[in-house]
Amino acid sequence: MLDINFTTIIFQFINFIVLAATLYFLMFKKIISGVQQRKEELEEIEKATIRNFEESEKAKTDLQKQIENAQTKIDGRIAQAKSELEVSRYQIIDTTKIEAEKIIKQAIESSEFEQKLSIDNFHDELTTSIMEIVKQILFKHSPDVIHNSLVQQTNERIWELGKKEMDRVETIRRSLIDREPALSVETAFPLSKEQQANIVRTFSALADKNVKIDAVLKKDLGSGVRIRLGDFIINNSLDALLDEIEKEASLEVNNLIEKHNVK
């Protein structure tokens, strides 16, 4: 039969309790405290991680909003730039069109002017050429009667001047006060003594003093005379007459051209 010693059992139980208490305070308590501290640290880390995650999510949301706002602004700027570029393009096209039309108009006007100038020059040259031919023919076949008639007309004009334009006659006389009354006569044909005498008498009356005549033969006049007394000049020659006819003919031609252009 098993002999149980209760005293030994109680003693062993007490030893177990003491050993457990000793292990608890010496080892398990520190381990539990470390575990608890580690748990708290992990909880703090978890909380910090959650906060960081929430903050990162918020930052991500804010960044997304900023990106969307930036994209909206970029789209607006692009649309505005396109609109301004389109307006600018039309303005450039309109400006270029206006400049092109202006250049074309100037070119047309310049062309018309050059054409008109060329036509005018052609008609002037044609008129001059015709008159030169007429001059040569008249000079070659001019009879003495035309020359004598022009010399006579010169005398008559001076007498008419003395009758109708006394103010002018007085001006001529005043200009000759300090001058020698020399009469320079250019003539297409030699003057007869009677013609010379008539010219001297006529111009002596004009100057109100006797004049001396200096006659020079000049075939270029064609017929008639060119006379100078001081500053007074009278050209009653065929050459001068044809020059006047040439001017009138050129004027008439230009008038006809203008009327034709108006039509």
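The first residue of the sequence shown is numbered 1, and numbering continues consecutively from there.
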Taking salt bridge (Lys or Arg N to Asp or Glu O under 4.0 Å) as the definition, give me every residue that meets it alongside [X], ordered by chain and number, with sequence neighbours left out.
{"X": "Arg168", "result": "Glu165"}
{"X": "Lys209", "result": "none"}
{"X": "Arg173", "result": "Glu170"}

Main chain of Gly230, side chain of Arg228: is a donor-acceptor contact present, judged purely on distance under 3.5 Å?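 Pair found, side chain donor or acceptor close to backbone of Gly230.
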
Counting N and O atoms only, with roles assigned by atom type, does the side chain of Asp239 sit under 3.5 Å from a partner on the main chain of Gly222, one being a donor and the other an acceptor?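 Side chain of Asp239 to backbone of Gly222: no pair is present.
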
Could you state the interatomic distance from [atom1] ([X]) to [atom2] ([Y]), rounded to the nearest 0.5 Å?
{"X": "Ile158", "Y": "Ile172", "atom1": "CD1", "atom2": "CD1", "value": "7.0 Å"}
{"X": "Glu156", "Y": "Asn198", "atom1": "CD", "atom2": "CG", "value": "10.5 Å"}
{"X": "Glu44", "Y": "Arg51", "atom1": "CD", "atom2": "CZ", "value": "7.0 Å"}
{"X": "Asp220", "Y": "Arg226", "atom1": "CG", "atom2": "CZ", "value": "12.0 Å"}
{"X": "Thr202", "Y": "Leu206", "atom1": "OG1", "atom2": "CG", "value": "9.0 Å"}
{"X": "Asn155", "Y": "Arg157", "atom1": "CG", "atom2": "CZ", "value": "11.5 Å"}

Contact check, side chains of Asn235 and Asp243, non-hydrogen atoms, under 4.5 Å: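 Asn235 vs Asp243: side chains apart.
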
Mind listing the closest non-hydrogen atom pair of [X] and [Y] along with its distance?
{"X": "Ala188", "Y": "Leu217", "result": "O-CD1, 3.5 Å"}
{"X": "Phe203", "Y": "Val211", "result": "O-CG1, 4.0 Å"}
{"X": "Ser204", "Y": "Asn210", "result": "OG-CA, 3.7 Å"}
{"X": "Leu229", "Y": "Leu183", "result": "CB-CD1, 3.9 Å"}

Same cluster or not: are [X] and [Y] linked, directly or through other Ile, Leu, Val, Met, Phe, Trp or Tyr residues, by side-chain heavy atoms under 4.5 angstrom apart?
{"X": "Leu238", "Y": "Ile227", "answer": "no"}
{"X": "Val216", "Y": "Val151", "answer": "no"}
{"X": "Ile234", "Y": "Ile213", "answer": "yes"}
{"X": "Met166", "Y": "Leu176", "answer": "yes"}
{"X": "Leu161", "Y": "Ile199", "answer": "yes"}

Students often mix this up, so state it plainly: with edges at 30° and 60°, are the rings of Phe189 and His147 parallel, tilted or perpendicular?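 The arrangement is perpendicular - the two ring planes meet at more than 60°.
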
Set of side chain to side chain donor-acceptor pair (under 3.5 Å) partners for [X], sequence neighbours left out:
{"X": "Glu160", "value": "Lys164"}
{"X": "Asp231", "value": "Arg179"}
{"X": "Lys212", "value": "none"}

Walk me through whether Leu221 and Leu150 qualify under side chain to side chain contact (heavy atoms under 4.5 Å, CB included). CA-CA 11 Å; Leu221 296 178; Leu150 291 173; over 6 Å; no

For atom CD of Glu194, decide whether the heavy atoms of other residues, nucleotides or ligands shown that lie under 6.0 angstrom number more than 12.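 For Glu194, atom CD is not crowded (no more than 12 foreign heavy atoms under 6.0 Å).
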
